[in-house]
Amino acid sequence: MTEQELRRTAIVIQPRGRAVLCVWAAMPGLLLAPFVFWQSIWAGGVFCAVWAALVFLVRARACSFAAVLGARTLTVYSGIALPLRQVLPRRAVTGVQQLRTPLLRLAGASVLLIAAPGARLLLPAVPAAQAGALAHALAEEAP
């Protein structure tokens, strides 16, 4: 994927990437649930219901995520009730790291960490081809 193709499309989290994010969000709850059920069955049921709601919110937030590469900026849109727009000038990018866990590799996704003075931007579970092209495009612009 070239930079021109990347500029024409928005980077969104694919369904397999959203599934990975949901697994990551569910893991702490799965580890803590036996201890809460040990206290009482009702407390365990309430805990599981609340944790399931939190995992659902993570999925909904992942569905609202989009990143757009412009000629001079990288703009990230996310949020459900309170939409958030973050704009990062491309010339301010000082570092880009691409992370892939085995689970992300199976899903064909990557996590991008973008560093700039006074800012860190996390792009979770974006498609690997787009993540690589974005990392390359941002690294070219870095001083």
Side-chain angles (χ1 to χ4, degrees), residues 1-39 43-143:
M1 174 170 272
T2 66
E3 184 176 338
Q4 296 301 327
E5 292 172 347
L6 195 59
R7 282 190 195 175
R8 281 186 258 138
T9 61
I11 300 170
V12 296
I13 300 174
Q14 302 297 322
R16 291 188 299 181
R18 288 193 297 263
V20 169
L21 292 177
C22 289
V23 166
W24 285 349
M27 287 307 270
L30 290 174
L31 294 174
L32 293 174
F35 299 105
V36 180
F37 272 106
W38 186 20
Q39 301 300 315
V46 169
F47 175 80
C48 288
V50 168
W51 205 270
L54 289 174
V55 171
F56 176 76
L57 288 176
V58 166
R59 185 187 184 290
R61 175 106 187 207
C63 287
S64 71
F65 175 87
V68 178
L69 181 67
R72 295 187 177 156
T73 61
L74 173 66
T75 307
V76 177
Y77 301 95
S78 66
I80 305 161
L82 300 169
L84 180 68
R85 186 182 98 181
Q86 295 174 311
V87 179
L88 187 66
R90 287 177 65 173
R91 71 178 192 276
V93 172
T94 57
V96 179
Q97 294 177 338
Q98 186 176 0
L99 305 172
R100 293 191 74 184
T101 64
L103 191 57
L104 281 172
R105 197 169 274 124
L106 284 173
S110 292
V111 173
L112 278 178
L113 295 170
I114 301 169
R120 289 232 186 258
L121 191 60
L122 174 76
L123 304 180
V126 295
Q130 289 179 335
L134 181 61
H136 182 63
L138 290 175
E140 284 181 348
E141 191 76 25

Chemist: Can I get a per-line list of side-chain donor-acceptor pairs under 3.5 Å for residues 101-113, giving both atom names and the distance, sequence neighbours left out?
Modeler:
{"residue": "T101", "atom": "OG1", "partner": "L104", "partner atom": "N", "Å": "3.2"}
{"residue": "S110", "atom": "OG", "partner": "Q98", "partner atom": "NE2", "Å": "3.1"}
{"residue": "S110", "atom": "OG", "partner": "R100", "partner atom": "NE", "Å": "3.4"}

Chemist: Pair up each side-chain donor or acceptor in residues 18-37 with any protein partner under 3.5 Å, not counting sequence neighbours, and list the distances.
Modeler:
{"residue": "R18", "atom": "NH1", "partner": "I13", "partner atom": "O", "Å": "2.8"}

Chemist: Just verifying a value: how many Å separate L54 CG and R59 CZ, rounded to the nearest 0.5 Å?
Modeler: 15.5 Å

Chemist: Tell me every residue that passes side chain to side chain contact (heavy atoms under 4.5 Å, CB included) with A129, counting only those two or more places apart in sequence or in another chain.
Modeler: none

Chemist: Could you check whether any side-chain heavy atom of V76 comes within less than 4.5 Å of a side-chain heavy atom of L88, counting everything from C-beta outward?
Modeler: no

Chemist: Please collect all ring pair (Phe, Tyr, Trp, His ring centres under 6.0 Å) contacts where either partner lies in residues 49-89, sequence neighbours excluded, each pair once.
Modeler: F47-W51

Chemist: CZ of R90 to OG1 of T73: how many Å apart, nearest 0.5 Å?
Modeler: 8.5 Å

Chemist: Side-chain contact test, heavy atoms from C-beta onward, threshold under 4.5 Å: evaluate it for I11 versus L123 and give yes or no.
Modeler: no

Chemist: Going by atom type alone, with no hydrogens or angles, which donor-acceptor pairs under 3.5 Å involve a side-chain atom of residues 78-85 and a protein atom two or more places apart or on another chain?
Modeler:
{"residue": "S78", "atom": "OG", "partner": "R61", "partner atom": "NH2", "Å": "3.0"}

